[in-house]
Structures are given as C-alpha cells and as structure tokens.
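All remarks here apply to the structure that follows.
Predicted, not measured: the structure shown is a model, and the values here were computed from it. Each ligand, and each atom within it, is numbered from 1 in the order the structure gives.
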Amino acid sequence: MTTPAPTLRITQGFTFEAAHFLPRVPDTHRCRRMHGHSYKVELTLEGAVDPATGFVADFFDIEAVFAPLLARLDHYCLNDVEGLDNPTAENIAVWIWARVKPALPQLAGVRVYETPLSFAEYAGG
Ligand SMILES: Nc1nc2c(c(=O)[nH]1)N=C([C@H](O)[C@H](O)COP(=O)(O)OP(=O)(O)OP(=O)(O)O)CN2
Ligand SMILES: [Zn+2]
C-alpha cells in the first residue's frame, strides 16, 4: 500500500511601495487624502507534495507569475491602475486573485497587508 502524498500550504511573500487614496470614504476620513503604504502581499498555494521534487510548487514559479503584476503596482498610484479605482486592501486582494489564479490554479489565498497589523485575505468566492 502506497502512502498518499501529504497536502500542504506554501506561501510566497512580496513587498511593494505605492500611493493611494480611498475615494469612497467620507471627506473627514484621513484615507480620502493621497498617502502611501509599504504593502506586503502573500500568495498561498495548496496542493500535494510532488514526490519527485518535494515541492507543492516551486517558489520561483510563483515569483515569475507575480513579477508582471508587481511591476504594475510598485511605485505607482494604485488609483491609476486599471481595475483599482477604489484601492482598498480588499479590492487589491481580489484584483491580484483574478490575475494570478489562471496561471496558478493551486492558489488558495491572497493576503494584502497595508500595514504590519492590518490585512485583507481573499480565498475566492
Ligand atoms: N477594511 C479596510 N479599512 C481600511 C482600509 C482598507 O483598505 N480596508 N484602508 C485604510 C487606509 O488605507 C489607511 O491608510 C490605513 O492605513 P493607516 O492609516 O496607516 O492605518 P493605521 O491605523 O495602522 O495607522 P496609524 O498611523 O498606525 O494609526 C483605512 N481603513
Ligand atoms: Zn491607505
């Protein structure tokens, strides 16, 4: 009897700097004004460990898929990025999911940290 390959979650993190403002909060909300964050993104993949490689997926492949998206976000005003006119952490997470999932079907979650203590997480649906 063969032992089934274990299922694991792996996560690759990324950082980028960007400006944004939140156009749909009240005038009195400080995030209505242009400001910046040091964002962190975590892409989590879930799957069986390939017994040949020992990988769920190669971290390098995750980096390669995310690189063109990172290039669209880093040091830009996120409100100017197509599809991110209201760049909340939640909307950024959904935006990333929609663009990564087709290339990485094992994607199980996208986290977007606006600060070290606050993040939005999207797992599809
Ligand atoms: N659910 C959400 N709430 C808020 C979001 C969001 O994306 N989703 N975003 C913001 C603003 O972008 C805001 O800039 C958050 O960052 P910051 O002001 O730095 O937050 P802190 O409270 O941690 O800042 P301190 O200076 O440490 O108080 C607001 N809400
Ligand atoms: Zn902000």
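For atom 3 (N) of ligand 1, the protein comes within 4.0 Å by no heavy atom at all. There is a protein heavy atom closer than 4.0 angstrom to atom 6 (C) of ligand 1.
Put simply, the side chain of W95 reaches to within 4.5 Å of the side chain of V81, judged on heavy atoms. Side-chain contact between T11 and I62: absent, with no pair of heavy atoms (C-beta onward) separated by less than 4.5 Å. Proximity of R111 to V41: side-chain heavy atoms (C-beta onward) are nowhere separated by under 4.5 Å. Looking only at side-chain heavy atoms (C-beta outward), V112 and F119 stay at 4.5 Å or farther from each other.
Taking every non-hydrogen atom of E114 and a distance limit under 4.0 Å, the qualifying atoms of ligand 1 come out as 5 (C), 7 (O), 9 (N), 10 (C), 11 (C), 12 (O), 13 (C), 15 (C), 16 (O). Ligand 1 places these atoms under 4.0 Å from at least one heavy atom of L22: 9 (N), 10 (C), 11 (C), 12 (O). Near A89, with a cut-off below 4.0 Å to any heavy atom, the atoms of ligand 1 are 6 (C), 7 (O).
Residue-level proximity to ligand 1 for T88 is carried by backbone and side chain together, each with a heavy atom below 4.0 angstrom.
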>> One pair to check against side chain to side chain contact (heavy atoms under 4.5 Å, CB included): F14 and E63. What are the steps and the verdict?
In response: CA-CA 8 Å; F14 304 89; E63 289 178 331; 4.0 Å; yes
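Remark: ligand 1 and E90 share an N or O pair separated by less than 3.5 Å (distance only, no angle test). Ligand 1 has no nitrogen or oxygen under 3.5 angstrom from a nitrogen or oxygen of H29.
Among the heteroatoms counted here (N, O or S) of H35, NE2 is the one nearest to the Zn ion (ligand 2).
The nearest non-hydrogen atom to atom 18 (O) of ligand 1, considering only R30, H20, H35, comes from R30.
Between D85 and R24 there is a salt bridge, with a side-chain nitrogen of the basic residue lying less than 4.0 Å from a carboxylate oxygen of the acidic one.
In terms of heavy atoms, G47 sits closest to Q106 at CA-NE2, 4.0 Å.
In terms of protein heavy atoms, atom 23 (O) of ligand 1 is closest to T115 CG2, 3.8 Å. In this structure, atom 29 (C) of ligand 1 lies nearest to the protein heavy atom C31 SG, 3.6 Å. When hydrogens are left out, the protein atom nearest atom 16 (O) of ligand 1 is H37 CE1, 3.1 Å; that is the closest non-hydrogen contact.
For the pair NE2 of H20 and NE2 of H37, the angle whose vertex sits at the Zn ion (ligand 2) is 110° to 10 degrees.
Using modelled atom types, one finds a donor on one side chain and an acceptor on the other under 3.5 Å when comparing Y39 with H20. Between the side chains of S38 and E17, at least one donor-acceptor pair of N or O atoms lies under 3.5 Å.
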